[in-house]
Amino acid sequence: MKIHALSLIAFTAIAIATSQNTFSQTCKVRSVTSANGCTVYTEVYEYDYVDQKPEFPGGRGSMINFINATRKYPSEAYENGIEGRVTCAFVVNPDGKVSHVQVLRGVETSLNEEAIRIVSAMPDWSPGKIEEQAVPTRVVCCIPFRK
């Protein structure tokens with residue numbers, strides 16, 4: 001009887017630990033506010049938990065080239081010597097389009113807005129996939145601003 005009870009406790013602990021890990025692979029992002037004022041959230045997968053990671057067209061090097069070509073350093077921030085990296089999060093949808101762009105860690109308002117503009121202007125990505133099925137995936141990247 002004691003062995004059976006211990007087995008049941010061990011099985012329950014494993015089941016709880018396993019179920020908690022499955023929840024950590026997704027997060028929710030604000031999608032819309034409904035007509036009655038309720039916020040609707042969309043569940044997306046975290047970058048590290050998909051089988052095939054989302055990819056910028058041409059890879060990381062092309063993304064860096066895109067950021068450098070698209071970035072317009074705000075003149076007032078440049079003149080005042082404001083520098084730093086704006087950390088952004090966004091969702092690559094199953095169709096590859098970028099949405100839900102937000103600043104996780106900003107530097108200064110004008111740089112934060114420019115980083116959002118750059119990420120929002122990105123071309124369609126190759127979407128993240130789980131078992132060959134395209135899924136919405138959350139990506140985090142930094143947009144650097146240096147004089």
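Treat the numbers as computed from the prediction; the structure is a model and nothing was measured.
Cluster partners of Val140, by chain and number: Leu104. The rule joins Ile, Leu, Val, Met, Phe, Trp and Tyr whenever side-chain heavy atoms lie under 4.5 Å apart.
Here the CD1 atom belonging to Ile130 is positioned 5.5 Å from the CD atom belonging to Gln25, to the nearest 0.5 angstrom. Atoms CD and CD1, from Glu108 and Ile82 in turn, are 4.5 Å apart once rounded to the nearest 0.5 Å.
Two residues are said to be in side-chain contact when any heavy atoms from C-beta on lie closer than 4.5 Å; Gln52 and Pro127 fail this criterion.
Partners of Phe56 by ring-ring contact (aromatic ring centres under 6.0 Å, His included), not counting sequence neighbours, listed by chain and number: Phe66, Trp125. Every residue two or more places apart in sequence or in another chain that forms a side chain to side chain donor-acceptor pair (under 3.5 Å) with Glu114 is listed here: Arg117. By the ring-ring contact (aromatic ring centres under 6.0 Å, His included) test, Tyr73 is found to be paired with Tyr78, Phe145, residues two or more places apart in sequence or in another chain being considered.
Residues in residues 57-67 take part in no side-chain hydrogen bond (donor to acceptor under 3.5 Å, both in side chains) pair, two or more places apart or across chains.
Asn36 contributes a side-chain N or O that, together with a main-chain N or O of Cys38, makes up a donor-acceptor pair within less than 3.5 Å.
Val98 and Pro123 get closest at one heavy-atom pair: CG2-O, 4.5 Å. Of all heavy-atom pairs between Val44 and Arg138, the closest is CG2-CB, 4.0 Å. The two residues Val135 and Thr137 come nearest to each other via the heavy atoms O-OG1, 3.1 Å.
Ion pairing of Arg146 with Glu83 is absent here, as no side-chain N (NZ or NE/NH1/NH2) approaches a carboxylate O to less than 4.0 Å.
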Pair up each side-chain donor or acceptor in residues 84-94 with any protein partner under 3.5 Å, not counting sequence neighbours, and list the distances.
from  : atom 1 : to    : atom 2 : distance (Å)
Asn93 : ND2    : Lys97 : O      : 3.2
Asn93 : ND2    : Ser99 : OG     : 2.9

